[in-house]
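One-based numbering, in listed order, for ligands and for the atoms of each. Computed over heavy atoms, backbone and side chain alike; hydrogens, waters and symmetry mates excluded.
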Amino acid sequence: MSAIDYSEKIPNNVNLANDRTLQRALEHWQPRFLDWWREMGPNDFASVDVYLRTAVGVDAQGWAHYGTVKMPDYRWGIFLADPIADRTIGFGDSFGQPVWQQVPGEFRSQFRRLIVTQGDTEPASVEQQHRLGHTCPSLYDLRNLFQINVEEGRHLWAMVYILHAYFGRDGREEAEELLARHSGDVDKPRILGTFNEPILDWLSFFCFCYFTDRDGKFQLKSLAESSFDPLARTCRFMLTEEAHHMFVGETGLGRVVKRTLEVMKETGSDDPQEIRRHGAVDLPLLQRYLSFWFSSSLDLFGSEISSNAATTFASGIKGRPDETTQYQDHVCADSSFELEVPDGKGGVIKDTSPMRNAMNEVLRLSYVKDCEIGLKRWNMQIKRAGYNFELKLPSNRFRRAIGTWANIPTDLEGRPISREEYDSRMPGWLPSASDKDYVKSLMQRVVEPGKMAAWIAPPERGVNNLPVDYEYVRLN
Ligand SMILES: [Fe+2]
Ligand SMILES: [Fe+2]
């Protein structure tokens, strides 16, 4: 395993000290990153002690070291997973040939665009979550938020390293731009829509971690297959950090369901008004939040049929998640993909596309399957408590802004409907203004160790075997 050198100004396991030019360029970017963190990150909590994990190595065993850190002192650095000896290209036209240690000139702009788009989401999420600390439901949750924030900051470092190390002046300019765009900014927004949606409450935060970070997982998984080996190695290590973000989303929403079921049992009622009188999140309200974040995140995968997706697959730039274990045919030169598209007359017809052009959709479908796992678990909780309410993911066609279903009004099941019906039923499908007001009213800060806000159950266990009532964040 390659150890991480923490004696350097920028902790790294890429032998940065041996490349003076690159080291100087990154040391020049570092204070700008810290300025950005101070301005756009959880800056009101800069002086508090947080129980955080930091990477000490990149192997599966003890890569994480836990300790109390003030966030601005967190050691952001450059960590790549260890190289795989004799790794060969796993998909596309060059299947079986050795992987690339440099970016081939002809693919430079495609790689740059993918890396910048991925890199842009990392600081974006920190910006979106910037004020959540003030309304935390517990110290345990506050610590998890900050852990995610520092790791998204590190993911930015991961992409900036690749830009600096392999894309020369263009890369350095893109790295500057990653700090210049801001989530929701009118003039310079973040690149992807979902990353400009405000996250003003913790229910949205958990949905974001569950659905939007999971998009990140799938994008990283497909970039981890890339023939450009340094990118693949960077993404492989990012995925180990990303797993915690999924965990926070899934357990956060599971704890909301658990608390709601307790209140339903206590009151003997499933009437949303009654549940709200007791300060919990009624299940129909939760469903509307899930529908919002899921449908928004679906667009992140791009168009169902895309010549760009075909090129990136054919050239070995971006593969499919778990390419080796999940698929038999890694070239996909003459296979096809069937999908349902709008027929232009308010109906649906079947269409066939070359498989390579449908790679975005292939990725989206494996994402949807992964999203269903949590819902199954929560529905089991609901069923076991004796209720027959079922949380559901809306259809992939619902509320799409990109792709074949963009701007086609459908119901939650994906049936095309009239624009009037769509507009009139929307308040029942997505969070209404009064839903948001209610959720906002729940967002009261709870900071006594071990105490939880009334709308969420405590976690089953604490962090790193510590008790739930451990003081994970020392506020004064
Ligand atoms: Fe990330
Ligand atoms: Fe993440």
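Inspection of the E151 and W76 side chains reveals no N or O donor paired with an N or O acceptor under 3.5 Å. One side chain, H330 or E323, offers a donor N or O that lies under 3.5 Å from an acceptor on the other.
Around the Fe ion (ligand 2), the protein atoms of type N, O or S that sit closer than 2.8 Å are E152 OE2, D213 OD1, E242 OE2, H245 ND1.
The shortest side-chain heavy-atom distance between R154 and E152 does not fall under the 4.5 Å cut-off.
Using a cut-off of 4.0 Å between Lys/Arg side-chain N and Asp/Glu carboxylate O, K221 and E225 are scored as not salt-bridged. The pair R236-D229 does not count as a salt bridge, with every side-chain nitrogen at least 4.0 angstrom from each carboxylate oxygen.
Remark: D44 pairs with H134 by the side-chain hydrogen bond (donor to acceptor under 3.5 Å, both in side chains) rule, at least two apart or across chains.
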